[in-house]
Amino acid sequence: MPVFQIDMKLKIIKGKHPLSIHIVWLVILLSILGIYRYLPPSTCIFHRVTGYPCLSCGISRAVEALFARDFIGMLYYNPLAVLFCAGLFFFSLLKLIEFIFGFTLKLSAGKKVLFFVRMSLLISVVANWLFLVVTKR
């Protein structure tokens, strides 16, 4: 008997479903990228009070690096936030494709897989914050 068995199922459900909130996020993300250059610089209150970076420290510099086409620099400023935004972008794009072609992908997973995913996300957030603290953002 295997020690860790992956219990996941993927279903394709036919029929159009209403546009989800992910399309709204896609529009918001694209709008922010379009007007970002015209926004005033912001300061982090958490960093000013504690002296430590918050979980989102470096996102502004990452967006500036994106406009400068410095993709390595983007990941350097806040790797998890950049990967999260990229994942949100592609997930929203998938939802738009589902809406256009009239199907829905449904992924279900067992308790062990969900626990593994949650723990991986928690470890990623902590590791990202430690990276920001060590590199003195």
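Since this is a predicted model, take the numbers as computed values, not measurements.
Residues forming a side chain to side chain donor-acceptor pair (under 3.5 Å) with Arg118 (at least two apart in sequence, or on another chain): none. Residues satisfying the side chain to side chain contact (heavy atoms under 4.5 Å, CB included) criterion with Leu121, sequence neighbours excluded, are Val117. Take Ala109 and apply the side chain to side chain contact (heavy atoms under 4.5 Å, CB included) test, not counting sequence neighbours, and it matches Met8, Val113, Leu114. Every side chain to side chain contact (heavy atoms under 4.5 Å, CB included) that Phe115 has, sequence neighbours left out, goes to Met119. In this structure, the side chain to side chain contact (heavy atoms under 4.5 Å, CB included) partners of Leu105, at least two apart in sequence or on a different chain, are Leu10, Ile12, Leu94, Glu98, Phe103.
Considering OH of Tyr76 and CZ of Phe131, their distance stands at 6.0 Å, rounded to 0.5 Å. In this structure, CG on Leu75 lies 10.5 Å from CG on Leu80, to the nearest 0.5 angstrom. To the nearest 0.5 Å, the span separating SG on Cys54 from CH2 on Trp129 amounts to 10.5 Å.
For CD1 of Ile45, the number of neighbouring non-hydrogen atoms (other residues, nucleotides, ligands) closer than 6.0 Å is 12 at most. Heavy atoms of other residues, nucleotides or ligands lying less than 6.0 angstrom from CG of Leu130 number more than 12.
The closest donor-acceptor contact from the side chain of Asn78 to the backbone of Leu55 lies under 3.5 Å.
Here Ile123 is tied to no hydrophobic group at all, with no ILVMFWY side chain closer than 4.5 Å.
When all heavy atoms are compared, the tightest approach of Ala65 to Gly73 is CB-C, 4.1 Å.
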